[in-house]
Amino acid sequence: MYFQEIKEQDQTYILPTYGRVDVALVKGKNARAWDADGKEYIDFTSGIGVNALGYSDPQWAAAVGEQAGKIQHLCNYYYSPENTALAESLCQAAGMGKAFFCNSGAEANECAVKVARKYGEKRGAAKIVTLENSFHGRTLTTLAATGQAGFHKQFLPLTEGFLYAKAGDLPGIEKLLDGSVCAVMLEMVQGEGGVIPMEESFVKGLAKLCRERDVLLLIDEVQTGIGRTGTFYAYQGYGVEPDVVTTAKGLAGGLPMGACLVSKALGDILQPGENGSTFGGNPVACAGARVVVDRVSDPVFLHSVTEKGAYLREKLEALPQVEYVRGKGLMLGAKLKNKDAHDVLVQCAKAGLLVLTAKELVRFLPPLTITKEDIDQGLAIFQKVLEG
């Protein structure tokens, strides 16, 4: 079998950092994918929230192919029209001032840490508060920012200067703001932590506290951004204005891209030589991202995400094997009754449905362009697996 050859090659030459399922995908169209042996799947993962417009969207693919035929990369010494055009549309959609482009969410969060520490440098404030159960990346610094001890072990010592607080505990965070803290960083929905949305009153109270203490509010939108929760960025549904926003995953529709967005007040905080990225703002990735940002920022498109998210949630909650569902938009997690989430993931793949997990939940991050028909077909497979 062709698949077995791929698996053996993977196990021979690739570091075993991923617990793979026995599926090798070779092509896709919107929310459907096909493996090396021709089997079809409904995809509720979108590459962990990356393929915002689904697999091989025609407009996206055309823009990427056209740009690849013009110029695929250039040195950051020079101006790039794709780069500057994307920065303008992204900042306008986000309500932010300026952008730094990189290749991943971890890189974007590293940039946010540098912005915060430079902001606090003059008064000697270098510590950053993050939330317990958070996830901010896999570099040594973003691992340190991650509020889960399980990610820290075996990689010590990590970057110093991070403090952890409970989500919702404003008094506890206030006690940490003793003058040594330059920023607070959080996700609007803790994705890897179990698809846990922040309470609006907590987020608004935290934003107010940060303003009063002259502490930057950093919002990690790596997974929640680019329409995933029904607004272009999740914080826009909470009515707060962050100082720094990080974004990646769905931004370029499947190509590696991250960005750190800063408010207009912080527009000149990093000067030449203080940060950089060889591939950041690559014109081919920017061409794909321009299509994504243009499509997803449309209010009609965002309304459809909210509508489909509510539809998926209602259908999941109606399943007798589901204990509860939490999340926002098309970022949902389902706690099952007497079922192991990972076992269900494996069985779903065998049955033709691709899903994710987050802690003890089965996690759903379908393409934002998924149809209700594909949702129904995917859920029919999911229900059959649960009943089996």
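Note that this is a predicted model, so its numbers are computed, not measured.
Looking at Arg290, its side chain never comes within 3.5 Å of a backbone N or O of Ala85 through a donor-acceptor pair. Without hydrogens or angle criteria, Asn109 side chain to Asp220 main chain gives no donor-acceptor distance under 3.5 Å. Remark: the backbone N or O of Leu143 is paired with a side-chain donor or acceptor of His152 at under 3.5 angstrom. At least one donor-acceptor pair closer than 3.5 Å links the side chain of Thr45 to the backbone N or O of Gly47. Judged by distance alone, with hydrogens and angles left aside, the side-chain atoms of Asn103 form no donor-acceptor pair with the main-chain N or O of Pro256 at under 3.5 Å. Judged by distance alone, with hydrogens and angles left aside, the side-chain atoms of Thr159 form no donor-acceptor pair with the main-chain N or O of Ala144 at under 3.5 Å. Under a 3.5 Å cut-off, the side chain of Arg326 and the backbone N or O of Gly194 do form a donor-acceptor pair. When atom types are taken as modelled, the side chain of Asp178 and the backbone of Ser180 share a donor-acceptor pair closer than 3.5 angstrom. Put simply, the side chain of Trp60 never gets that close to the backbone of Gly254: no donor and acceptor are under 3.5 Å apart. A donor-acceptor contact shorter than 3.5 Å links the side chain of Lys39 to the backbone of Lys350.
Note that CD1 of Ile42 is 7.5 Å distant from OG1 of Thr371, once rounded to the nearest 0.5 Å. Note that NZ of Lys153 and CG of Leu158 are 13.5 Å apart. Values are rounded to the nearest 0.5 Å. In this structure, Lys308 NZ and Asp374 CG are separated by 9.5 Å, a value rounded to the nearest 0.5 Å. Considering OG of Ser263 and CG of Leu216, their distance stands at 7.5 Å, rounded to 0.5 Å. One distance of note links CG of Leu206 with CD1 of Ile173; it measures 5.0 Å at 0.5 Å rounding. Of the inter-residue distances, the one linking Tyr164 atom OH with Thr146 atom OG1 reads 7.5 Å to the nearest 0.5 angstrom.
A salt bridge links Arg363 with Glu192: the closest approach of a Lys/Arg side-chain nitrogen to an acidic carboxylate oxygen falls below 4.0 angstrom. Between Asp214 and Arg123, at least one side-chain N (NZ, or NE/NH1/NH2) sits under 4.0 Å from a carboxylate O, which counts as a salt bridge. Glu317 has a carboxylate O that lies under 4.0 Å from a charged side-chain N of Arg313, or vice versa, which qualifies the two as a salt bridge. Under a 4.0 Å N-O distance rule, the pair Glu323/Lys337 does not qualify as a salt bridge. Between Lys98 and Asp268 there is a salt bridge, since a side-chain N of the basic residue sits under 4.0 Å from a carboxylate O of the acidic one.
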*Check step by step if salt bridge (charged side-chain N to carboxylate O under 4.0 Å, His left out) holds for Glu360 and Lys335.*
CA-CA 7 Å; Glu360 74 279 8; Lys335 176 71 169 66; 5.9 Å; no
_Stepwise side-chain hydrogen bond (donor to acceptor under 3.5 Å, both in side chains) test for Glu187 and Thr224_ = CA-CA 8 Å; Glu187 306 151 279; Thr224 54; over 6 Å; no
*Check the pair Val291 / Leu53 against side-chain contact (heavy atoms from CB on, under 4.5 Å), numbers first and verdict last.*
CA-CA 9 Å; Val291 173; Leu53 302 181; 4.1 Å; yes
*Begin with the C-alpha distance, continue with both residues' side-chain angles, and end with the deciding distance and a verdict on side-chain contact (heavy atoms from CB on, under 4.5 Å) for Val344 and Leu386.*
CA-CA 7 Å; Val344 169; Leu386 295 182; 4.1 Å; yes
*Test Tyr55 against Asn30 for side-chain hydrogen bond (donor to acceptor under 3.5 Å, both in side chains), laying out the working first.*
CA-CA 4 Å; Tyr55 290 109; Asn30 197 17; over 6 Å; no
*Let me see the working for Glu66 and Lys70 under salt bridge (charged side-chain N to carboxylate O under 4.0 Å, His left out), right down to the final yes or no.*
CA-CA 7 Å; Glu66 182 181 355; Lys70 290 179 178 178; 3.4 Å; yes
_Stepwise side-chain hydrogen bond (donor to acceptor under 3.5 Å, both in side chains) check, Tyr79 with Thr84_ = CA-CA 8 Å; Tyr79 293 101; Thr84 56; over 6 Å; no
*Assess whether side-chain hydrogen bond (donor to acceptor under 3.5 Å, both in side chains) is satisfied between Gln383 and Glu387, documenting all intermediate values.*
CA-CA 6 Å; Gln383 184 174 5; Glu387 289 172 350; 3.2 Å; yes
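At most 12 heavy atoms of other shown residues, nucleotides or ligands fall within 6.0 angstrom of atom CD in Glu314. Around CZ of Phe279, the count of heavy atoms belonging to other residues, nucleotides or ligands within 6.0 Å does not exceed 12. In the displayed structure, Gln9 atom CD is contacted under 6.0 Å by at most 12 heavy atoms of other residues, nucleotides or ligands. At most 12 non-hydrogen atoms from other residues, nucleotides or ligands lie less than 6.0 angstrom from CD of Glu160. Around the CD atom of Gln59, the shell of radius 6.0 Å holds more than 12 heavy atoms that belong to other residues, nucleotides or ligands.
Taking all atoms of both residues into account, the shortest heavy-atom contact from Ala116 to Ala183 is CB-CB, 3.6 Å.
In this structure, Lys204 is not positioned above the aromatic face of Tyr238 in the sense of NZ or CZ being under 6.0 Å from the six-membered ring centre and within 45° of the axis. Seen from the ring of Phe232, Arg295 does not count as a face-on cation partner, given the 6.0 Å and 45° thresholds.
Under the 4.5 Å side-chain contact rule for hydrophobic residues, Tyr235 and Val129 share a cluster. Residues Met331 and Leu368 do not share a hydrophobic cluster, defined by chaining ILVMFWY side chains whose heavy atoms lie under 4.5 Å apart. The hydrophobic clustering, which links ILVMFWY residues whose side-chain heavy atoms are closer than 4.5 Å, places Val385 and Leu332 together. Following chains of ILVMFWY side-chain contacts shorter than 4.5 Å, one cannot reach Leu25 starting from Leu356, and the two form parts of different hydrophobic clusters. Grouping the Ile, Leu, Val, Met, Phe, Trp and Tyr side chains by contacts below 4.5 angstrom, directly or via other members, places Met198 with Leu163.
Ring pair Phe364/Phe382 is perpendicular by interplanar angle, where above 60° counts as perpendicular and below 30° as parallel.
Each of Lys166, His136, Gln190 was evaluated against Leu131; a single residue qualifies, Gln190, per the side-chain contact (heavy atoms from CB on, under 4.5 Å) test. Of the candidates Glu107, Lys114, Glu110, Lys114 is the only one forming a side-chain hydrogen bond (donor to acceptor under 3.5 Å, both in side chains) with Asn275.
Partners of Asp43 under the salt bridge (Lys or Arg N to Asp or Glu O under 4.0 Å) rule, at least two apart in sequence or in another chain, do not exist in this structure.
Two residues are said to be in side-chain contact when any heavy atoms from C-beta on lie closer than 4.5 Å; Thr141 and Phe162 meet this criterion. Side-chain contact between Pro283 and Ser80: present, with at least one pair of heavy atoms (C-beta onward) separated by less than 4.5 Å. Residues Leu90 and Leu251 meet the side-chain proximity criterion, which asks for heavy atoms closer than 4.5 Å. Counting only heavy atoms from C-beta outward, the side chains of Val203 and Glu199 never approach each other to under 4.5 Å. With contacts defined as side-chain heavy-atom distances shorter than 4.5 Å, the pair Tyr41/Leu353 does not qualify. Residues Leu302 and Pro299 have side chains not in contact (no heavy-atom distance under 4.5 Å, counting atoms from C-beta outward).
For the residue pair Gln148 / Lys359, a side-chain donor-acceptor distance below 3.5 Å is found, with atom types taken as modelled. Looking only at atom types and distance, the side chain of Tyr18 has no donor-acceptor partner in the side chain of Asp10 under 3.5 Å away.
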